[in-house]
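As the structure lists them, so they are numbered: ligands from 1, and atoms in each ligand from 1. Only a predicted model underlies this, so the values are computations on that prediction, with no experimental measurement involved.
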Amino acid sequence: MWVYRLKGTLDELDPLLPELFDRGARGLEERAGEVLAYFPAPLDLPFGGEWEELPDEDWLSAWKRDLSPVEAGPFVVLAPWHAWEGSGKRIVLEPGMAFGTGHHETTRMALSALGRHARPGGKALDLGTGSGILAIGAALLGMEALGVDIDPTVLPQAEENARRNGVAPRFLLGSLEEALPHGPFDLLLANLYAELHQALAEGYKKALKPGGVALLTGILKAKAEGVEEALEGAGLGVLEREEAGEWVLYAAAPRL
Ligand SMILES: C[S@@+](CC[C@H](N)C(=O)[O-])C[C@H]1O[C@@H](n2cnc3c(N)ncnc32)[C@H](O)[C@@H]1O
């Protein structure tokens with residue numbers, strides 16, 4: 001196994017990540033100030049990283065050791081090899097592929113907020129589903145869940161993850177427009193980014209039932225005010241604001 005070391009954080013290198021997977025990366029890991037991309041063999045990559053060969057066992061055991069279970073609200077997110085004796089609804093995910101292993105603050109906040117706002121028997125929309133983690137969480141809490149994503153490569157992974165967890169949310173290629181005919185929704189979960197939330201704020205109102213709730217994250221603190229203004233402008237009142245690290249989550253509901 002080979003590791004390609006790049007300077008920066010996962011967020012900073014975000015635009016490169018699909019390219020690394022396209023070229024055969026088997027997994028990514030963030031360490032202090034750098035991102036490690038694991039490959040079966042070295043190749044010519046134009047991203048300025050450095051190659052290092054690792055004995056297979058070291059790579060695998062280090063990766064598994066560093067990837068700890070994540071507790072978030074009523075859930076615990078586990079990799080398939082984790083033994084877990086604690087409580088919590090288990091979400092078992094194969095890490096290292098689509099975004100959404102529970103290790104990012106935004107996913108953790110969304111799972112906790114889902115625990116507070118889930119409506120068993122109601123409809124949930126997970127906009128930007130990635131690994132499917134939020135749709136799977138909503139289904140585990142008894143909701144009829146739909147996950148949509150504009151990236152066609154993540155949907156088979158989301159479906160496989162749902163099967164692994166014994167739930168069957170629907171997954172569709174697309175965005176809010178494609179989801180709207182399947183609504184209105186009791187709960188909308190969207191871990192995207194500030195500018196997109198601003199652009200979609202009017203659509204969120206249309207997607208929600210009266211009394212429904214939107215849980216919106218992926219919002220950097222510095223950009224939160226702009227999102228809050230867009231939500232208010234679209235007729236959604238902010239119910240909760242939560243922070244973790246640099247990130248913000250809003251719970252918002254249509255004004256009646
Ligand atoms: C930050 S990941 C969130 C994954 C997962 N929901 C979580 O909370 O961990 C964002 C996902 O949104 C998808 N995405 C980006 N823009 C989108 C859009 N306009 N409509 C739907 N999905 C979008 C990306 O492909 C990616 O899978």
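Any N or O atom pair closer than 3.5 Å counts here, and Val148 shares no such pair with ligand 1.
Aromatic ring orientation, Phe47 versus Tyr4: perpendicular (interplanar angle above 60°, classes split at 30° and 60°).
Nearest-residue assignment for atom 24 (C) of ligand 1 (options Ile150, Asp149, Asp151, Asn191; heavy-atom criterion): Asp149. Within the set Thr153, Asp11, Thr107, Leu134, the minimum heavy-atom distance to atom 9 (O) of ligand 1 is found for Thr107.
Heavy-atom proximity to Gly174, at under 4.0 Å, picks out these atoms of ligand 1: 21 (C).
Side-chain contact check for Glu30 and His104: no donor-acceptor pair (N or O, by modelled atom type) lies under 3.5 Å. Using modelled atom types, one finds no donor on one side chain facing an acceptor on the other under 3.5 Å when comparing Asp149 with Thr129.
Within the 4.0 Å heavy-atom cutoff, Gly132 does not count among the residues contacting ligand 1.
The part of Leu196 lying near ligand 1 is the side chain, judged by heavy-atom distances below 4.0 Å. Contacts between Thr106 and ligand 1 below 4.0 angstrom, taking non-hydrogen atoms only, are absent altogether.
Proximity of a side-chain donor or acceptor of Asp186 to a complementary backbone N or O of Gly212 within less than 3.5 Å is not detected. Between the Asn165 side chain and the Val92 main chain, a donor and an acceptor come within less than 3.5 Å of each other.
With rounding to the nearest 0.5 angstrom, the CD atom of Glu228 is 13.0 Å from the NE2 atom of His197.
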